[in-house]
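These notes are about the structure you will find just below.
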Number of protein chains: 2
Amino acid sequence: MKQGTRKQQIVNVAARLFKERGYSAVTMRDIATAMGIKASSLYNHISSKQDILTNIIIFLAEEFTNGMEAIRVSNISNIEKLNQIIELHVNITIQNTFEMASLNNDWMHLEERLEYYLKLRDDYEDNFREIIVEGMSNNEIVNGNPEVMLFSILSTLRSLYLWIPKKEDLKPEELSKNLINVLINGVKA
Amino acid sequence: MKQGTRKQQIVNVAARLFKERGYSAVTMRDIATAMGIKASSLYNHISSKQDILTNIIIFLAEEFTNGMEAIRVSNISNIEKLNQIIELHVNITIQNTFEMASLNNDWMHLEERLEYYLKLRDDYEDNFREIIVEGMSNNEIVNGNPEVMLFSILSTLRSLYLWIPKKEDLKPEELSKNLINVLINGVKA
DNA sequence: AATTTTAACTAACACTTGTTAGTTTTAATT
DNA sequence: AATTAAAACTAACAAGTGTTAGTTAAAATT
């Protein structure tokens, strides 16, 4: 066995295919073929296609929730909190590039756990927003529209999975440093 | 007729569904039902499901290509070019919110026109990169990693379709202004 | 009013979908 | 060596897929 339980292997292989084609376009037979087995054999390890997706997305969503909570309660400046959020995204994305695609693009295909996922996402955004608003009233962050700041930064962080694989030469710390520079300080000289 | 040819109506309705569920999860029967007709009737106006997707994506990709070309040849500073790129994205996205979802998430399901689309996208990114690199050697843009700047800005602009519908109160010019502020100048006080 | 065009319809096709049932093989444990 | 557990298999199903053929109704044009 390469790594993890057989179920985990299936989830990993599925995540790769989901990233390439999207959840709906990937069939159980596709996943099975990629594993070198028959589609029906998958059901010895997972209970449904939906089960695979749920595993991918909920795991990641909770990972972000936990990371955010640690940042939220820590006793540091709001700018420093932003830095840590950026690092959080870089680290999680580097270790879950395939899975991040499902989180971003296939969450709407969740069924039983959709509501729970949306709750986690909303709370995450609320915490993020709170940091920006606090930082603004502190004069750590420049005056402006907090919504635009929030979604501008978050959009970049959520898209990391798309180009991290294409820039393998860039080390995690290097990437975080560069991102912090651009997102916090902008690009103008 | 509400607007445009019958084909255009179908493409518009399909785009809305594609945004909600993704291309693969939307069936011809879904599109037909949303139009109030039967699936087979769609084929009086379009030649295939693929045809619908191609119409959506290639139209938009060319829209961006044309906009970028106008900016590229114009005689303005590189920072000003960045501003105009931001406005370009805001304007196109406001008028094609649904379609932007397909452009971002379903381009891989293009068949005959996939290569052409990828060419347009690559050229677009090349032009964008060139502006950043030139701006940097001009000292208009701060020294740093141009790739990180490129994908950071572009990620935000490409995600606009996700939150523009949620912030209807924000006027286009207001939005562009705010975005330029954040993307060009950062958030730090 | 007659005719052409546009756009809908019904019916069906060949194929693919996720999934289940039951069985056999391989591997691990006693 | 005997037994149990894990993981593969074959075969099949019911539902859904994009699409075609042929036909009828409505609208526009002559």
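Predicted, not measured: the structure shown is a model, and the values here were computed from it. Just so we're on the same page: letters track the sequence lines, and every chain starts at 1.
- Asp30(B) and Thr27(B) share a donor-acceptor pair across their side chains, judged by distance under 3.5 Å alone.
- For the pair Lys49(B) and Tyr23(B), the cation sits on the ring face: its NZ or CZ lies under 6.0 Å from the ring centre, inside 45° of the axis.
- Glu140(A) places a side-chain N or O within donor-acceptor distance of the main-chain N or O of Ile79(A), the cut-off being under 3.5 Å.
- Rounded to whole Å, the distance from NZ on Lys38(B) to C1' on dA25(D) is 15 Å.
- Within residues 40-52 of chain B, the residues that have a heavy atom under 4.0 Å from DNA chain D are, in order of number, Ser40(B), Tyr43(B), Ser48(B), Lys49(B).
- If you take CG of Leu17(A) and P of dT17(C), they are 13 Å apart, rounded to a whole angstrom.
- Atom CE in Met28(A) sits about 17 Å away from atom C1' in dG16(D), given to the nearest Å.
- To the nearest angstrom, C1' of dA7(D) lies 17 Å from CD of Gln8(A).
- Arg129(A) and Glu147(A) are joined by a salt bridge, as a carboxylate oxygen and a charged side-chain nitrogen come within less than 4.0 angstrom of each other.
- Taking atom CD on Gln9(A) and atom P on dA8(D), their separation rounds to 9 Å, with Å as the unit.
- For Arg29(B) against dG18(D), a side-chain N or O and a base N or O form a donor-acceptor pair under 3.5 Å.
- Each of Asn78(A), Leu82(A), Asn83(A) was compared with Glu80(A) under the side chain to side chain contact (heavy atoms under 4.5 Å, CB included) criterion, and only Asn83(A) meets it.
- Residues Asp30(B) and Ile10(A) both approach DNA chain D. Their nearest nucleotides, taken by heavy-atom distance, put Ile10(A) toward the 5′ side.
- At whole-Å resolution of the value, CZ in Arg6(A) and P in dA27(C) are 12 Å apart.
- Between Asp122(B) and Lys119(B) no salt bridge is recorded (no basic side-chain N to carboxylate O distance below 4.0 Å).
- With rounding to whole Å, Leu53(B) atom CG is found 12 Å from dT19(D) atom P.
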